[in-house]
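Accompanying notes for the structure given below.
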Amino acid sequence: QLQASGGGLVQAGGSLRLSCAASGRTFSAYVMGWFHQAPGKEREFVAALRWNYGGSTYADSVKGRFTISRDKAKNTGYLQMNSLKPEDTAVYYCAASNTIMSSRPDPYDYWGQGTQVTVSS
């Protein structure tokens with residue numbers, strides 16, 4: 001089970017850090033990913049990280065602004081979001097894949113419940 005938290009309301013240019021806590025299993029064999037979904041739009045890839053060996057990838061729209069990371073001891077992943085823009089407003093979901101690192105939602109087996117991020121202009 002994945003539990004995402006840390007969303008909220010922030011002004012443009014501000015920062016938020018999202019957390020994704022795993023319970024019941026460890027992330028060790030998994031890829032952790034973050035996706036977001038705005039109203040009326042499909043779920044879109046944000047970032048992904050190979051949990052055990054490192055290595056990450058980002059959507060072009062967030063490169064240089066967002067950083068994905070993990071704390072193995074806490075079995076928790078993070079998404080640090082800086083220089084936030086109104087277009088970042090969405091529900092953010094963390095997910096875990098036991099197969100491949102992908103920018104598509106399909107390979108991700110486990111999903112958190114989502115946390116709302118709202119960026120005001």
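Worth knowing before you read on, the calculation uses all heavy atoms, side chains too, and leaves out hydrogens, waters and symmetry mates. Bear in mind that the values here come from a model prediction, so they are computed numbers and not experimental data.
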Give me the atom names and distance for the closest heavy-atom approach of [X] to [Y].
X: D71; Y: A73; answer: OD1-N, 3.1 Å
X: Y58; Y: I68; answer: OH-N, 2.9 Å
X: W34; Y: G77; answer: CZ2-O, 4.4 Å
X: V62; Y: V46; answer: CG2-O, 3.5 Å
X: L2; Y: A96; answer: CD1-N, 3.8 Å
X: A48; Y: V31; answer: CB-CG1, 4.2 Å

Residues which pass side-chain contact (heavy atoms from CB on, under 4.5 Å) with S103, listed by chain and number, not counting sequence neighbours: F45
Using side-chain contact (heavy atoms from CB on, under 4.5 Å) as the criterion, list what pairs up with R70, not counting sequence neighbours. L49, W51, K72
[atom1]/[X] to [atom2]/[Y] distance, rounded to the nearest 0.5 angstrom?
X: S61; Y: F66; atom1: OG; atom2: CZ; answer: 7.5 Å
X: T67; Y: Y78; atom1: OG1; atom2: OH; answer: 14.0 Å
X: Y92; Y: L79; atom1: OH; atom2: CG; answer: 7.5 Å

Measure from the side-chain N and O atoms of Y108 to the backbone N and O of S102, and report whether any donor-acceptor pair falls under 3.5 Å. yes
Do D109 side-chain atoms and N98 backbone N/O form a donor-acceptor pair below 3.5 Å? yes
Sequence neighbours left out, what pairs pass salt bridge (Lys or Arg N to Asp or Glu O under 4.0 Å) with at least one residue falling in [range]?
range: residues 77-91; value: R65-D88
range: residues 111-121; value: none
range: residues 112-121; value: none
range: residues 90-106; value: R104-D106

Side chain to side chain donor-acceptor pair (under 3.5 Å) partners for [X], two or more places apart:
X: E44; answer: H36
X: K41; answer: none
X: R43; answer: Q37

Output every pair passing side chain to side chain donor-acceptor pair (under 3.5 Å) with a member in residues 8-20, not counting sequence neighbours, ordered by first then second residue. S15-N82
Distance-only criterion, 3.5 Å: show the donor-acceptor pairs between side-chain atoms of residues 114-121 and protein atoms not counting sequence neighbours.
| residue | atom | partner | partner atom | Å |
| --- | --- | --- | --- | --- |
| T115 | OG1 | G7 | N | 3.0 |
| Q116 | NE2 | A90 | O | 3.4 |
| Q116 | NE2 | T118 | OG1 | 3.3 |

What ring-ring contact (aromatic ring centres under 6.0 Å, His included) pairs are there with at least one residue in residues 5-24, not counting sequence neighbours? none
